[in-house]
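Written below as structure tokens is the structure these notes are about.
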Amino acid sequence: MDEKDFNENEEKAVDTDKELTDSGLEEKNGIKFETSDTWEFDAKAPTLDDNLIMENEKFSISFESETKPAAPQQAPRQNFDNQNNNQIVINKEPLKFIPLAIFLAAVIAVVAVFGVRYYTVPNGKEGKYMNPASVVATVDGQKISIGMYDYYYASIVSYYEQYASYGYYNLDTTKDYSKQYTTDDDGKKISWQKFFETEALNEVEQITTYYSKALDEGVTLTSAQKKTIDKQITSLKDSASQNDVSLDQYIKANFGAYCSEDTIRLMLEQYYLSANYKGKFKSETKVTNDDVDKYYNEHKNDYKKIEFYYIASPYDATDDASKSKSIKNAEKTMAKMKDKKSVLALVPEVYSSYIDSDVKSSMESDSKLTEKKAREEAVKSYESNVVATVTGSTSPFDDEMNTWLFSDDTKVGSKKYYVDEDAGYIYIVLKTSKATVEDDETYTVRHILITPESDSDSSSSSSDSSTKKYTDEQWAAAKKKAESVLEKFNKTDKSEYSFAKLAEEYSTDTASTSSGSSDAFGGLYESVTLGQMVPEFEKWAIDDSRKYGDTGIVKSDYGYHIMFFINDCPEYESKIIAQIKSDRLSNMVEKAKVKVHENAIKKAVDKEKEAKESASESTTSSSSSSGATVSQSTTAASSGNN
């Protein structure tokens, strides 16, 4: 079979797959044909939803159907009344056989042309060339490949493994994840393996939902994003070359057996398009004062802040006796906590081992430092750590503890402890203030930064542009460019989204655009408190005369800022506006039509386990896994950040 014939067969197979997987009935020439993919009959066709086990020396694939076949349709029964009240019944048996025979013949024909492997073995391709066995799930009609799932799964596992190595998670990376447990968002016990699988699916579902919306609304990639994607692929190629392997081998080794260059490229396109859609949605979504008031009344504690003093006491959860002893020790400490001064007095005693360790480390790094001075500095450091200010939304405690802490009925001076078994500590809290609303002044703006160009720009980033010295000609050129960009905006509909698109194209401030790693879009700075930005920027933003949609150009040491004003309001209002928009985006994901092929996911995970085990046994594994990265916020680090 030559390449042309192969491609034609691939396209036919995709069309056939569509015919076989669409749900419902399709009417042709007055006859309704069943097109559901949940058929089950004696001569089973090898599809993802059928029961099938295939084995050879290298692998075992098991596909098990989780849906019961629908009851066969009954042929119509016609009753005729006559003088003798006799019933005439049409024999239904032949009618049952005919559509089934037609369907069976069609399936056999397809399998004969494309082979069993086409329906059981993923081909690692994307788009229209992806075979049915490669489909892990569909989200609003968009197919998710096993390679795409591989990427998200590998990225999320890598993220948690990295932070586990710092002690943030109770996860042993040398042991089977299916036999280690954590808790999900609902507080239920779940294996780390299932947690990773669920997180990977949630992440890809979220991205795909927004990507689908972007396609529907004609959202496109910017020229800068296209260039960034090409740079990412080039970076992967360079890493592969440095490791003396092909790009395909490198990607498979680091992101999964079914992941390919096409997968990575598509993932980046989906990521940027979803970011562009979210940016468009936020810029076009209006939140009324009534919306803000209603939300605040339902989530008051989330937008209140409170200061308290606390001591972290060790908690041993080894057994009931150890737990009981830990709690008794915590209660003894709590009895000594009367006020702020008494809590500070406990620091040298409670944190003695930590202080001793810090003293030793400080003296080793600075030979001139005396033990007395080192101890004073260490104690002072831990004293600063026993006071905390949190909001209801950033508090590390559960609902019960938060209710106690933020309630006006809980008097200042009250004490309560909170057990965090995962962290291994009991937090003993002394309430030292009343909760107050976050009413500090904040503002929200978009801006486009035009940085003067200099000969050293190729080797320096815009982050150090405030320290550069530019010539008068360079400043003049930057000002002219800023005025030109503002003129372009004034020729548009002057909407916030039009401004955001120009920011994506022209702004050199990566922290506020999708070219950075903060999940920002369109030059947005949201809920900015006073003192965060340079004086010239802030002075323009908090001018009392400002109203929504105002624009202007401001000069700072960083360059020329083309400004777009959104609001100036108390912090809690600004945060609520942002949260409402985020919630509306999240609702899109919750409402998305999702169909998951659990067996395909199992295959991806099993393959990943097999590869990990093989890599751990290989003496050259370290060289094949060094430096692998695709530097975008598409992993667990951005989960839920809408």
Side-chain angles (χ1 to χ4, degrees), residues 214 217-228 272-273 275-288 442-453 457 462 465 470 472-516 520-528 533-569 574 577-578 581:
E217 296 193 15
V219 176
T220 58
L221 295 171
T222 66
S223 57
Q225 288 169 342
K226 292 178 181 178
K227 290 178 181 178
T228 300
Y272 281 122
L273 281 174
N276 293 355
Y277 173 76
K278 288 190 292 182
K280 178 178 185 291
F281 179 87
K282 288 182 178 180
S283 67
E284 294 177 342
T285 298
K286 305 305 175 186
V287 178
T288 67
T442 64
Y443 58 88
T444 298
V445 296
R446 292 184 186 272
H447 88 132
I448 302 171
L449 177 61
I450 305 297
T451 304
E453 296 181 0
D457 281 347
S462 61
S465 59
Y470 300 106
D472 291 341
E473 291 78 8
Q474 289 167 343
W475 276 110
K479 182 180 181 181
K480 184 177 181 180
K481 183 176 180 180
E483 291 171 341
S484 174
V485 173
L486 181 58
E487 185 179 350
K488 285 186 177 182
F489 170 73
N490 288 329
K491 291 180 180 179
T492 68
D493 58 1
K494 297 186 179 181
S495 68
E496 187 179 335
Y497 181 53
S498 292
F499 189 93
K501 287 194 291 184
L502 289 172
E504 285 292 311
E505 184 174 356
Y506 293 104
S507 184
T508 57
D509 178 17
T510 58
S512 64
T513 62
S514 64
S515 57
F521 176 86
L524 182 66
Y525 278 106
E526 206 167 35
S527 303
V528 182
M533 309 299 281
V534 291
E536 300 88 349
F537 187 103
E538 186 169 284
K539 182 180 179 180
W540 186 94
I542 63 175
D543 189 312
D544 290 339
S545 67
R546 292 279 166 258
K547 59 183 184 296
Y548 177 80
D550 281 354
T551 57
I553 296 178
V554 174
K555 181 184 178 183
S556 78
D557 291 339
Y558 290 91
Y560 286 95
H561 307 260
I562 309 168
M563 309 291 290
F564 184 100
F565 181 78
I566 298 175
N567 65 43
D568 181 358
C569 60
S574 182
I577 291 171
K581 292 181 179 181

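Predicted model, so just to flag it, every value in this text is computed and none were measured.
Scanning all heavy atoms of the two residues, the minimum distance from Tyr497 to Ser283 falls at CB-OG, 3.3 Å. Residues Gly523 and Thr513 come closest through the heavy atom pair N-CG2, 3.9 Å. Nearest heavy-atom pair, Gly559 versus Pro452, reported as atom, atom and distance to 0.1 Å: CA-CD, 3.8 Å. The nearest pair of heavy atoms linking Ala541 to Phe565 is O-CE1, 3.1 Å. Across every non-hydrogen atom of Thr220 and Gln225, the tightest pair is O-OE1, 4.5 Å. The shortest heavy-atom contact between Ser545 and Asp550 is O-OD2, 4.0 Å.
In this structure, Lys494 and Phe499 have side chains that are not in contact, with every pair of non-hydrogen atoms separated by 4.5 Å or more. Using a 4.5 Å cut-off on side-chain heavy atoms (C-beta onward), Phe521 and Asn276 make contact. Within the 4.5 Å cutoff, no side-chain heavy atoms of Val528 are placed close to those of Thr442. Put simply, the side chain of Glu496 reaches to within 4.5 Å of the side chain of Ile566, judged on heavy atoms. Side-chain contact between Val534 and Asp557 is absent, with no heavy atoms from C-beta onward closer than 4.5 Å. Side-chain atoms of Glu483 and Lys479, non-hydrogen and from C-beta on, do get closer than 4.5 Å to each other. For the pair Arg546/Asp568, no side-chain contact is recorded, criterion being any heavy-atom separation below 4.5 Å from C-beta on.
We find the SG-CD1 distance between Cys569 and Ile577 to be 5.0 Å, quoted to the nearest 0.5 Å. Distance OH/Tyr506 to CD1/Ile450: 8.5 Å, rounded to 0.5 Å.
Partner of Ser515 under the side-chain contact (heavy atoms from CB on, under 4.5 Å) criterion, out of Thr510, Thr222, Thr508, Asp509: Thr510 alone. Checking each of Ile448, Ile562, Leu486 against Thr551 for a side-chain contact (heavy atoms from CB on, under 4.5 Å) leaves exactly one that passes, namely Leu486.
The existence of a salt bridge linking Lys501 and Glu505 is excluded, since no basic side-chain nitrogen approaches an acidic carboxylate oxygen closer than 4.0 Å. Using a 4.0 Å cut-off between charged side-chain N and carboxylate O, Lys280 and Glu217 make a salt bridge.
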Let's go through Lys282 and Tyr277 carefully: what are the C-alpha distance in whole Å and the side-chain angles of both, what is the deciding distance for side chain to side chain contact (heavy atoms under 4.5 Å, CB included) to 0.1 Å, and is it a yes or a no? CA-CA 9 Å; Lys282 288 182 178 180; Tyr277 173 76; over 6 Å; no
Check the pair Tyr560, Lys481 against side chain to side chain contact (heavy atoms under 4.5 Å, CB included), reporting the backbone distance first and the verdict last. CA-CA 9 Å; Tyr560 286 95; Lys481 183 176 180 180; over 6 Å; no
May I have the step-by-step check of side chain to side chain contact (heavy atoms under 4.5 Å, CB included) for Leu524 and Ser512, ending in yes or no? CA-CA 5 Å; Leu524 182 66; Ser512 64; 5.8 Å; no
Between Tyr272 and Lys226, does the side-chain hydrogen bond (donor to acceptor under 3.5 Å, both in side chains) criterion hold? Intermediate values first, please. CA-CA 9 Å; Tyr272 281 122; Lys226 292 178 181 178; over 6 Å; no
One pair to check against side chain to side chain contact (heavy atoms under 4.5 Å, CB included): His447 and Leu449. What are the steps and the verdict? CA-CA 6 Å; His447 88 132; Leu449 177 61; 3.7 Å; yes
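A donor-acceptor pair under 3.5 Å is formed between the side chain of Gln474 and the backbone N or O of Glu453. The backbone N or O of Trp540 sits nowhere less than 3.5 Å from a side-chain atom of Asp543 that would complete a donor-acceptor pair. Looking only at distances, a side-chain donor or acceptor of Glu504 sits under 3.5 Å from a matching main-chain atom of Ser514. Within the 3.5 Å criterion, the main-chain N or O of Ala503 finds no donor-acceptor partner in the side chain of Arg446.
The local environment of NZ in Lys491 is sparse, with at most 12 non-hydrogen atoms from other residues, nucleotides or ligands closer than 6.0 Å.
The six-membered or imidazole ring of Tyr548 lies near that of Phe564, with a centre-to-centre distance under 6.0 Å.
Cation-pi contact between Lys480 and Trp475: absent, since separation from the ring centre below 6.0 Å together with deviation from the ring axis within 45° is not met.
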